[in-house]
Asker: 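My questions all concern the structure below.
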Amino acid sequence: MSQNKNMSRKDYKKKDKKKKNPNKGGAGKWIKRIILTFVTLLLLAIVAGGALFTYYASNAPEMTEEDLLGTFSSELVDMNGNVFYTLGGESRDYANASEYPQVMIDAMTAIEDQRFEEHMGIDPIGIARAAIGYVTNRGQIVGGGSTITQQLVKLSVFSTLKEDQTLERKAQEAWLAIQLERQLSKEQILTLYMNKIHMAGNVYGISTAAEEYYGKHVSELELHEAALFAGMAQAPNRYDPYVNPETAKKRRDVVINVMRDEGHITAEQAEEAKAIPIDEGLVDRSQEDSNALVFEAYLDTVIKEVEEKTEFNPSTAGLTIYTNLDMEAQEQVYEVMHSEDINWTNEEIQSAVSLVEADTGKVRALGGGRNRESVRSHNHALETKAVGSTMKPLSTYGPAIEYLQYSTYHQVDDSEYTEPNTNWSPRNYDRQFKGQMSMREALVDSRNVPAAKIMNEDLEVSQVEEFLSNVGIEDTTITPQSSINGNMSPLQLAASYAPFANGGNYTEPYTVERIVTQDGQEIDLTPQTNQAMSDYTAYMITDMLKGVVSNFNSTVGIPGLPQAGKTGTTNFTEEQLEELGYPSGSVPDSWYVGYTSNYSLSVWVGYANNRDGYLSFEDGSRNIPRLIYRDVMQYVSEGLDNPDWTQPSSVTQVAVEDGTNPAQLPGPNTPASNIVTELFVAGTEPSEQSTQFGEELDAPTGLTAEYDEEADELSITWDEYSLQNEDEEVSYQLTVGGESTTLSTTDYSVSEPPSGPLTITLAVSAYGNTGPTTSISVTIPEREEEEEEDEEDETEVEEEIEEPEDEEEEPVDEEPDTEEPNDEGTPPEEPEEEEEDPDDEEPEEDENNGTPPSDDEDNTDSEDTE
């Protein structure tokens, strides 16, 4: 109490203030609760993790001494049964623990496993990091965490592929690593590891690398050399000093710095080692390795294929690998890709070539890049790239024929277009629009707008996805731009075009036919062949793509070889052109994919990095893919039967009138220049005939004529003529007794027609043409007045009156009916009878007793007289 009384006013206020804070105790309780909850969850996670680890570990494979020590070479056999490469064992030299210098041991443990001497085979911190990576990266382990012991287990038992680095595999590695640490010493584990790791190309083990890279025994390695090898363990091909010297030096220097920081070397030693050029002491490549560069892309693909399809490591499993390699074709690919006859604009320009057998899917040759310096370097043949317009037959025209049964004539409007959902407005390569055109013309001329309209307006997304999946292009997100571009590897592109060449069947491209294990087990790796499309789709696409070959005959044409193909180009954006300083018309990639009845061949040319350069027509670099294609395809086609494609019964060839929409058959007057021959799926052929240039005119019907004697009038009538084209006007050409007239009505009258037989003909006129005639004949009876006049004319004579010379001549009528008697009453003399004029004679009746002549008689034989 005294203390309370002696409190200062300030202390009292503080105490009072504390009493007035009702939330203070509540906050503490919440903190305790959070901590308790976190601890509880952590314990549960540990328990769950432990249970999961135990489950995974229980399913771990057995690890034998053979797994750790066995190193058996695998032989690769080409299509002719010749061994062309030995992978693994023969390029692996073993070194005992005593042969490895301390500098190599220090370098390896410093960069790979700094706690190697202390841990029991696993690094808990690394495992935690791997677990977090598993959660945040959808089931894939990202980042380190593996100890040297775990890496040895992985190299001995498990696959090294990134997609296989799952949490289950990581747990099994850890379990086996713990077991291994109980059986072997640290020195044994490290020695096994350094003898087993891949050192780029076909080099395995540091002892082998010492001989291959520096021509010395492993015991003689110096600091900078040991640091290089230790650094390469993480990514051997990436840090290959022959291929990527700058990258290799950076990695080597990182190892040197870590060794310095760990106290293995002094700062001075570190600086001296880093100052040594990365290529110092490197020996020239052996002739064997130089030869291997010819097929290095194929070798890389074989190894990856075996790893993906089996559980074997081809570098250590002692397999006999039977491949589909055509060594002669492979050598040709290599020579063409390095030919001085091609104007390679610089050393940075790259290329990739993929040759696939059309019927089987067998990969016969691969070119992974130019100017390679080591085996298993970057393989452009397997790298996914934008393929430009080579996508159009796959995403647009193929599905349109397959599912909509479009003909090669199907009309599409090449005019300004904006895709409504994305507001994407495609442009054509010439920045122009050509209006209505056939699907054939749109594909051959590689028009972007027609392709975009067909895919986005006519086709369903599911149809596009299904067609692409059928030709091996899966997991592709379809966008409006998919109509004119897509992403594929050169190998995938060649394989996807093969169904067009073989009638519609797809086989996944494969380099390995079968493998035989050490114990004689044979494993067939031949993929299944499936029908990807109808035979009519394959044939009609091929028929259209022949036009591309014709257009580029100067660069891809091969005399006597039926072939089809498609060009492809990708483009820089306007922003990229400005940023990179490239001229307008520059492009990053150029493609050509073509095929015969035997092979499908794709070629890509471009740069690994857009900053390395561009392609253009000015320097000819955009044409390089076609030149490579021609040289390779001509070589592999020599001596083979290369038949043209046979039109299947599911396809009909029809002549149609160009410009009609929908397609119509030519009319009788369609000019030859307006008739095109196109392909239709059987049963969808056009049946209607075009009337644009007129239709076949028939003779009119219903022609009749009636004579009204009382009115002395001839009335002529006929049936109205109907045209297919109701907008076209019809006129009638009527001829009556040699007199012709043009009419638009279906009747006509003739007043006071001439008597006697009368022929009437009628024809229809339309489209500027006149059809066949129909005719009738009528006889107009003689009129009574005409008969009397005729009789008088026959008896009428002119009397010549002789007057006396001395008498004045009396006037006479010009046409007197009779002579007047003279003054003497003497009758006049009878005049001499004149010859009758034939024109004044009445017509004689013919043998038919006056029946008018038939239509085919000459009307001049029955001319009327007047």
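Keep in mind that the numbers below use all heavy atoms, side chains included, and drop hydrogens, waters and symmetry copies. Computed from a predicted structure; not experimentally measured.
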Asker: For the pair Ser207 (side chain) and Val218 (backbone), establish whether a donor and an acceptor sit closer than 3.5 Å, ignoring hydrogens and angles.
Answerer: no

Asker: Would you say Asn80's side chain and Asp326's backbone share a donor-acceptor pair under 3.5 angstrom?
Answerer: no

Asker: Does any N or O in the side chain of Glu99 come within less than 3.5 Å of the main-chain N or O of Asn96, such that one atom is a donor and the other an acceptor?
Answerer: yes

Asker: Are side-chain N/O atoms of Asp78 and Tyr298 paired as donor and acceptor at under 3.5 Å?
Answerer: no

Asker: Name the one of Glu335, Glu328, Gln330 that satisfies side-chain contact (heavy atoms from CB on, under 4.5 Å) with Gln332?
Answerer: Glu335

Asker: Using a 3.5 Å distance criterion without hydrogens, assess whether the side chain of Arg251 forms a donor-acceptor pair with backbone atoms of Tyr239.
Answerer: no

Asker: Whether the side chain of Arg370 engages the backbone of Met337 through a donor-acceptor N/O pair (distance < 3.5 Å, no angle test) should be reported.
Answerer: yes

Asker: Restricting to salt bridge (charged side-chain N to carboxylate O under 4.0 Å, His left out), what partner residues turn up for Asp589, sequence neighbours left out?
Answerer: none

Asker: Scan residues 223-236 for pairs that pass salt bridge (Lys or Arg N to Asp or Glu O under 4.0 Å), counting only residues two or more places apart or in two chains.
Answerer: Lys216-Glu225

Asker: Short question: side chain of Arg364, backbone of Asn324 - any donor-acceptor pair under 3.5 Å?
Answerer: yes

Asker: Output all residues satisfying side chain to side chain contact (heavy atoms under 4.5 Å, CB included) with Ser586, sequence neighbours left out; order by chain, then residue number.
Answerer: Phe572, Leu577, Tyr582, Pro583, Tyr614

Asker: Treating Trp344 as the side-chain partner and Gln350 as the backbone partner, does any N or O pair qualify as donor plus acceptor under 3.5 Å?
Answerer: no

Asker: For Ala110 and Met259, which heavy atoms make the closest approach, and how far apart are they?
Answerer: CB-CG, 4.1 Å

Asker: Restricting to non-hydrogen atoms, name the atom on Ala200 and the atom on Met232 that form the minimum distance, rounded to 0.1 Å.
Answerer: CB-CE, 3.9 Å

Asker: Does the pair Glu307/Lys304 count as a salt bridge with the N-to-O cut at 4.0 Å?
Answerer: no

Asker: Salt bridge or not for Lys309 and Glu305, using N-O below 4.0 Å?
Answerer: yes

Asker: Is it true that the side chains of Ser621 and Asp619 contain a donor and an acceptor less than 3.5 Å apart?
Answerer: yes

Asker: Can you tell me which residue among Leu223, Asp253, Val254 is in a side-chain contact (heavy atoms from CB on, under 4.5 Å) with Lys274?
Answerer: Asp253

Asker: Hey, can you tell me if Trp604 and Trp591 have their rings parallel, tilted or perpendicular (30° and 60° cut-offs)?
Answerer: tilted

Asker: Could you tell me whether Arg611 and Glu348 have a side-chain N and a carboxylate O separated by less than 4.0 Å?
Answerer: no

Asker: How about Phe116 and Tyr193: are their ring centroids closer than 6.0 Å?
Answerer: no

Asker: For Ser315, does its backbone N or O pair with a side-chain atom of Asn313 as donor and acceptor, under 3.5 Å?
Answerer: yes

Asker: Quick one: does any side-chain atom of Thr511 pair with a main-chain N or O of Val363 as donor and acceptor, under 3.5 Å?
Answerer: no

Asker: Please report the closest heavy-atom contact between Met104 and Ile206, naming both atoms and the distance.
Answerer: CE-CD1, 3.6 Å

Asker: Does the separation of the ring centres of Tyr213 and Tyr242 fall below 6.0 angstrom?
Answerer: yes

